[in-house]
Amino acid sequence: MSLTGALRLTRFCVRRLSPSCWTRAVSTPSSPPLTVREQEDGIRRIILNNPKKRNALSLAMLSSLREDILTDIDDKDLRVIIISARGSVFSSGHDLKELTSAHGKDYHTSVFQACSEVMTLIQDAPVPVIAMVKGIATAAGCQLVASCDIAVASERSTFATPGVNVGLFCSTPGVAIGRAVPRKVAMEMLFTGRPITAQEALLHGLVSKVVSEEHLEEETMSIARRVCESSRPVVALGKAAFQRQMAQDRDAAYATATAVMVHNLALRDGQEGIRAFIEKRRPVWTNNNEKAHD
């Protein structure tokens with residue numbers, strides 16, 4: 001694999017839906033924004049902002065979330081994304097009012113394709129994405145947590161895939177959840193719809209850390225700031241390589257990881273980090289893909 005090929009792993013590529021899928025998701029000008037985007041010191045905050053509707057992932061909400069992720073995604077000043085929510089519910093999943101027969105098959109297809117694209121965007125983004133969870137995360141809301149690279153939850157948060165109880169099995173949430181927790185845990189969640197606690201979610205690997213609600217922001221920001229201390233292209237290369245090798249068998253995964261580490265060393269930032277360690281100083285990152293050698 002060439003260095004160009006290795007770096008291609010970091011390129012933010014994802015299958016795009018047809019424009020009509022997203023244009024029909026535009027909210028009215030008088031309504032409050034469904035998401036709020038803020039950015040400072042390399043940390044982008046995306047806040048789900050529809051607590052009256054339990055931050056349901058309607059097509060409009062998914063469109064807004066997608067836009068907030070994609071905006072200036074390749075800007076080297078962006079180092080990490082945090083997704084959180086206003087209110088006592090992180091996200092209740094899809095808006096069931098959009099899933100009635102009145103909307104029809106094409107609209108239903110658009111909803112699930114849009115959701116799948118957003119989850120894929122999160123995993124393919126060149127920067128780490130952190131879920132900061134306070135409260136309930138159910139169905140596609142739980143899928144959103146499972147799709148993030150890191151998840152920090154308050155100790156009172158709960159997680160569930162209750163679609164089976166309303167006659168709609170959580171098949172698409174099962175894609176992300178089934179890759180985040182052991183198979184039998186995922187199947188119990190999917191078959192029963194019963195919620196699990198934050199501590200159970202931690203035990204099974206759905207979340208990374210559980211903290212008290214008063215320390216949730218502090219802990220999440222601490223992780224985000226630590227990410228910002230590293231070289232963006234090195235982190236991007238590492239994230240893409242990790243995602244790629246997880247889908248491979250062992251031998252192919254080692255081949256991928258070996259090639260990527262060799263190419264990582266060819267980056268100027270890769271060599272800068274090693275020199276800084278030897279010289280006992282802090283590294284000075286270029287945060288670009290400049291090569292130190294071929």
Side-chain angles (χ1 to χ4, degrees), residues 48 54-57 80-85 88-94 112 115-116 118-125 128-166 168-224 226-227 238-239 241-250 253:
L48 307 184
R54 298 165 64 87
N55 292 311
L57 297 180
V80 63
I81 295 171
I82 298 172
I83 299 176
S84 61
S88 60
V89 177
F90 177 76
S91 176
S92 59
H94 290 295
F112 293 117
C115 186
S116 297
V118 168
M119 303 304 163
T120 302
L121 286 173
I122 289 169
Q123 296 193 324
D124 289 350
V129 181
I130 305 172
M132 186 174 81
V133 186
K134 182 180 71 173
I136 301 166
T138 61
C142 189
Q143 178 185 3
L144 179 58
V145 176
S147 297
C148 289
D149 301 305
I150 300 169
V152 184
S154 67
E155 57 194 0
R156 294 185 180 180
S157 296
T158 59
F159 305 84
T161 50
V164 67
N165 298 327
V166 296
L168 182 63
F169 197 85
C170 285
S171 295
T172 45
V175 173
I177 294 165
R179 285 162 169 75
V181 306
R183 178 188 294 260
K184 288 181 173 58
V185 174
M187 296 305 279
E188 182 178 351
M189 290 179 68
L190 292 164
F191 288 147
T192 67
R194 286 200 298 260
I196 62 173
T197 66
Q199 286 296 337
E200 289 173 318
L202 177 64
L203 174 66
H204 298 311
L206 182 59
V207 301
S208 316
K209 286 191 175 184
V210 174
V211 297
S212 62
E213 188 171 315
E214 56 265 31
H215 291 113
L216 180 61
E217 176 103 6
E218 176 186 352
E219 182 61 34
T220 306
M221 291 298 292
S222 175
I223 295 171
R226 187 61 183 265
V227 170
K239 176 177 173 176
F242 182 84
Q243 294 285 4
R244 182 172 180 177
Q245 64 85 19
M246 285 296 289
Q248 297 175 322
D249 62 42
R250 182 196 62 189

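Numbering of residues begins at 1 and proceeds along the displayed sequence.
Applying the side chain to side chain donor-acceptor pair (under 3.5 Å) definition to pairs two or more places apart or across chains, those involving residues 128-152 are D149-K239. Under the salt bridge (charged side-chain N to carboxylate O under 4.0 Å, His left out) criterion, no residue pair touches residues 135-144, with sequence neighbours excluded. Screening residues 176-190 for side chain to side chain donor-acceptor pair (under 3.5 Å), with sequence neighbours left out, gives E188-R194. Screening residues 176-215 for ring pair (Phe, Tyr, Trp, His ring centres under 6.0 Å) gives F169-F191 as the qualifying pairs, with residues at least two apart or on separate chains.
Between M119 atom CE and C148 atom SG the span is 8.5 Å, to the nearest 0.5 Å. Rounding to the nearest 0.5 Å places OG1 of T197 at 9.0 Å from CG of L203. F90 contributes atom CZ, which lies 5.5 Å from atom CG of L48 (distance to the nearest 0.5 angstrom).
No donor-acceptor distance shorter than 3.5 angstrom exists from the side chain of S208 to the backbone of I150, with no hydrogens or angles considered. Although no hydrogens or angles enter the test, the distance criterion places no donor-acceptor pair under 3.5 Å between the side chain of T161 and the main chain of C170.
No side-chain heavy atom of L57 sits less than 4.5 Å from a side-chain heavy atom of V118. A 4.5 Å side-chain heavy-atom check between L206 and C142 finds at least one atom pair inside the cut-off. Between D124 and Q243, every side-chain heavy-atom pair lies at or beyond the 4.5 Å cut-off.
Partners of F112 by ring pair (Phe, Tyr, Trp, His ring centres under 6.0 Å), not counting sequence neighbours, listed by chain and number: H94. Every residue meeting the side chain to side chain contact (heavy atoms under 4.5 Å, CB included) condition with A224, not counting sequence neighbours, appears here in chain and number order: I43, V80, I82, I130. The salt bridge (Lys or Arg N to Asp or Glu O under 4.0 Å) test applied to E213 returns no partner, not counting sequence neighbours. Not counting sequence neighbours, the partners of E219 by the side chain to side chain contact (heavy atoms under 4.5 Å, CB included) test are V152, K209, V211, I223. In terms of the side chain to side chain donor-acceptor pair (under 3.5 Å) criterion, E155 has no residue partners (sequence neighbours excluded). Every residue two or more places apart in sequence or in another chain that forms a side chain to side chain donor-acceptor pair (under 3.5 Å) with S154 is listed here: S157. Judged as a salt bridge (Lys or Arg N to Asp or Glu O under 4.0 Å), and not counting sequence neighbours, E200 has no contacts. Legend: residues meeting side chain to side chain donor-acceptor pair (under 3.5 Å) with Q199, ordered by chain and number and at least two apart, are absent.
Listed here is the closest heavy atom pair of S92 and V89: N-CG1, 3.8 Å. Shown here for F159 and A198, the closest heavy-atom pair between the two residues is CE1-CA, 4.0 Å. Of all heavy-atom pairs between A139 and P162, the closest is N-CD, 3.8 Å. Closest non-hydrogen pair, V145 versus A137, comes out as CG2-CB, 4.1 Å.
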